[in-house]
Amino acid sequence: MPGKHAFLKQFYLLTALLVGLITVSGPGLTAALADEKSPAPAEKKTDETPESEDDPASKNPFPNRPQAPSLDGGTEWLNTSGEITLKDLRGKVVLIDFWTYCCINCMHVLPDLAYLEKKYPNELVVIGCHSAKFDNEKETDNIRRAIQRYEIKHPVINDSNMTVWRKYGVRAWPSMVLIDPEGKYCGHLSGEGNRELLDKVLERVIAYHRAKGTLDETPVHFDLESAKLKPTPLKFPGKLLADAPHNRLFISDSNHNRIVISSLDGKLIDVIGSGQIGNKDGDYKTAAFDHPQGMALVGNTLYVADTENHLIRKIDLDQKQVSTFAGTGEQARYRSAGGKLRESALNSPWALAEIDGVLYICMAGPHQIWSHKLGSDEIGVYAGSGREDIVNGPLDTSAFAQTSDITVDGDVFYVVDSEGSAVRKVDTKKKTVSTIAGTSDLERGRSLFEFGDKDGVGMHARLQHPLGVLYDNGRLFIADTYNHKLKTEDLKTLEVKTFLGTGKDGNSLNPVEFSEPSGLAKVGNRLFVADTNNHRICVVNLDNDQVSEFKVQGLTPPELPKTSEDSFTAASADALTASAQKVAAGVPLAVTVTPKLSSGFKLSPLAPVKFSFKSADDPEITIARGKGTVKGNQVLLALPALKVPDGNYLLNLRFGYCRDGVGGLCKQHSAQWKVPVQTVAGEKNSDISLSLDLTKE
């Protein structure tokens, strides 16, 4: 990735190229956190500066900044119902995350963003700007699936032409840009592991703009791509492991956070894991994983790369117990040589294999192969300098690029380097690394960008982000993931050939189409394929190359705890007081709420409307709760007839409104009214009318 490996952990100062030839210089995000006791030049007071210089909130951490460039230029917006502009975001702190979904470092940033979004739900809006490395990543549907797979909950721009990337002068994945509530560009930083820094910067920016009155803390709502996913027995399955002697197939059901065990003819044997994200040890029903990937079977012990927990888990298949084998549960932020099993932090273990009592680990995060002698208490680096590149040679000076799968042939094992689109050979006797498909040893990391879809011999072949590899009697099967193909490589001639797949994303079985396949296993004449984005396992009959779907009988999605429909509160602790309402006795009530909105905004019929109607005298008594509807400029609620003739009631209501009613940024409003109600005999009216002024939001 351009600059990624060279600039990780290096914070960019504020020297960024903005919109053509406009250059901005000054302190960056790190400089904003300089020691408060250090002398600093006096800030010129303006009419906008709060008066108290003793209050930290009165000091703008990023004074005299220019307006940020627009977000125009993307191909499409995802995780939102429409385009979002910086004008829509005025009043919010905006953090733009420049990422590409192949990049392991970009994946490491997502938990930090989720943490900040949870901590500052009403002050911060994160915008993902997906500026692709690989051709496959430019396709909106593929980005949509990546958003679903990585459970991203903020809007994302498909910046397929790198337009927004260039506007902001970005040079590396991942990079983040901060924009203040007045639309001013504050600065940017690059790399992962910046949660604490960003948290401190956000605290300062939020405090200043809250004191100044320029912070908009109205909750916002986005239409997430995850809502478009239908429940399926498997969800983005990752890796496969076949155990022919015991008639078993192990499936890492990655986005269901569990391991599925099936017989080779499709009968469900067991499910390991509750389905909830976590790192809990215990029996099959209570254990928890976080997006597990590769597996290795030694005897009747299954080792699992619990990727996003940064752990290796150990499953006793006889006792049906899950335990933590290696790792601390925290990501290793710096290159580590290893150490004690439970004391050494790991970094995105992705695939596992065992040779002669040694467990080899594709450690995707630091671009290395690690190893562990079973029975010992040590784990550490086996091969790879940690530099992200495709470099051959001795184990310690070789370089890998996001190792993603491993397969064994005697004393030799093969790995796929997904970011380098290469297949590598590691000889455990000669202790050397070589490249057998794709390029290597090019200057300035150019091997990372020599990808494509081309059959050929050795260095002349081209792959695109392969995630799976499997040895079989003198040849390799390769899951050429971003080309949506399976390929083979003859290990004598090194000839790489397309085996199955049209090269286009799809789910047809005749002709066969795949969608980012990533896991492989073989038993006899059957090749099993984890067709990841199609949420299925395919099986290839190698006698005639016919493909069918392998279904696990009786497998269903995990049942996860449901959230309450009434889990919302009013925006203010003070209830609005409505005028007394006279209604007909014994007649269902119709409540109409008419909000007055700022110019350009309309009620959104797509945003959820939720309400509860309770007794004000005894809030434990709920008269009704449910969902309302939007009609024109009004919110409509249906309530049952009141059993008590007269009384005071509390109406809690939440609804959304967007620019023109369909804009990408939809604001949420929660309100509570205290409503005095009188039932009057002979009264024909059963309507309750309420109003609300939101023009100041």
Side-chain angles (χ1 to χ4, degrees), residues 68-101 106 109-110 113-114 116-118 120-132 137-161 163-165 167-168 174 176-179 181 183 216-230 568 597-598 600-610 630 654-670 697:
S70 76
L71 300 178
D72 297 340
T75 307
E76 196 167 344
W77 283 77
L78 300 112
N79 258 4
T80 175
S81 57
E83 182 179 359
I84 297 174
T85 67
L86 287 181
K87 180 180 178 181
D88 295 330
L89 295 168
R90 195 61 55 88
K92 300 291 185 184
V93 182
V94 179
L95 189 62
I96 306 177
D97 172 36
F98 288 88
W99 67 298
T100 185
Y101 75 77
C106 298
V109 166
L110 294 176
L113 297 178
L116 296 171
E117 288 173 296
K118 184 176 181 180
Y120 305 107
N122 299 332
E123 302 90 355
L124 172 68
V125 172
V126 175
I127 301 290
C129 185
H130 189 276
S131 305
E137 295 178 296
K138 296 178 181 180
E139 300 295 328
T140 296
D141 283 344
N142 294 336
I143 301 171
R144 177 178 290 108
R145 294 186 186 105
I147 289 169
Q148 294 167 337
R149 186 163 67 248
Y150 293 116
E151 297 166 340
I152 296 170
K153 297 181 179 178
H154 51 253
V156 173
I157 311 168
N158 179 2
D159 186 28
S160 59
N161 297 316
T163 303
V164 183
W165 170 285
K167 283 185 182 183
Y168 281 88
M176 280 163 282
V177 166
L178 187 71
I179 299 173
D216 178 3
E217 298 184 69
T218 306
V220 294
H221 167 79
F222 302 110
D223 293 328
L224 301 182
E225 302 298 332
S226 59
K228 301 173 185 177
L229 272 179
K230 295 180 180 179
F568 66 91
L597 304 175
S598 299
F601 283 91
K602 296 180 181 179
L603 291 175
S604 171
L606 300 177
V609 176
K610 295 183 179 181
V630 169
R654 185 173 68 193
F655 58 92
Y657 56 100
C658 315
R659 188 167 297 282
D660 296 323
V662 294
L665 182 74
C666 291
K667 297 185 177 183
Q668 284 188 329
H669 186 81
S670 296
E697 284 200 353

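Quick note: numbers below take in every heavy atom, side chains included, and nothing from hydrogens, waters or symmetry partners.
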Exercise for the section: For residues Arg90 and Pro181, report the shortest heavy-atom separation together with the two atoms involved. Expected result: CD-O, 3.0 Å
Handout entry: 4.5 Å side-chain heavy-atom contact, Lys138 and Thr75
Key = no
Problem - Shortest non-hydrogen contact from His154 toward Ile127 - result: CD2-C, 4.4 Å
Handout entry: Side chain proximity check, Pro608 to His221, heavy atoms < 4.5 angstrom
Key = yes
Handout entry: Minimal non-hydrogen separation, Glu225 against Gln148, with atom names
Key = O-NE2, 3.0 Å
Practice task
Using side-chain hydrogen bond (donor to acceptor under 3.5 Å, both in side chains) as the criterion, list what pairs up with Arg149, not counting sequence neighbours.
Solution key: Asn533
Practice task
Any chance you could measure Asn142, atom CG, to Asn158, atom CG, to the nearest 0.5 Å?
Solution key: 10.0 Å
Completion exercise
Sorted by chain and residue number, the side-chain hydrogen bond (donor to acceptor under 3.5 Å, both in side chains) partners of Thr163 (sequence neighbours excluded) come out as none
Problem - Non-hydrogen side-chain atoms of Val109 and Met176 separated by less than 4.5 Å - result: yes
Practice task
Compare all side-chain heavy atoms of Thr80 with those of Asp223 and state whether any distance is below 4.5 angstrom.
Solution key: no
Fill in the blank from the handout: When Trp165, Trp99, Tyr168 are each screened for side-chain contact (heavy atoms from CB on, under 4.5 Å) with Ser131, the one that passes is Trp165
Practice task
Might you point out which heavy atoms bring Cys129 and Ile96 nearest each other, and give the distance in Å?
Solution key: CB-CG2, 3.9 Å
Fill in the blank from the handout: When rounded to the nearest 0.5 Å, the distance separating CG of Asp88 from NZ of Lys667 is 8.5 Å
Handout entry: Lys228 NZ: over 12 foreign heavy atoms closer than 6.0 Å
Key = yes
Exercise for the section: Please examine the side chains of Arg145 and Glu139, heavy atoms only from C-beta on, and report whether any two atoms are closer than 4.5 Å. Expected result: no
Completion exercise
On a heavy-atom basis, the closest approach of Tyr101 and His130 is N-NE2, 3.0 Å
Practice task
For Asn122, check side-chain hydrogen bond (donor to acceptor under 3.5 Å, both in side chains) against everything at least two apart and list the hits.
Solution key: none
Problem - Side chain Asn79, main chain Ile152, donor-acceptor under 3.5 Å - result: yes
Exercise for the section: Compare all side-chain heavy atoms of Val126 with those of Leu116 and state whether any distance is below 4.5 angstrom. Expected result: no
Practice task
State, yes or no, whether a side-chain contact exists between Val220 and Lys92 at a heavy-atom distance under 4.5 Å.
Solution key: yes
Practice task
Test side chain to side chain contact (heavy atoms under 4.5 Å, CB included) on Glu76 and Arg144 and set out the steps.
Solution key: CA-CA 11 Å; Glu76 196 167 344; Arg144 177 178 290 108; 4.1 Å; yes
Completion exercise
In short, Val164 meets Leu71 closest at the heavy-atom pair CG2-O, 3.8 Å
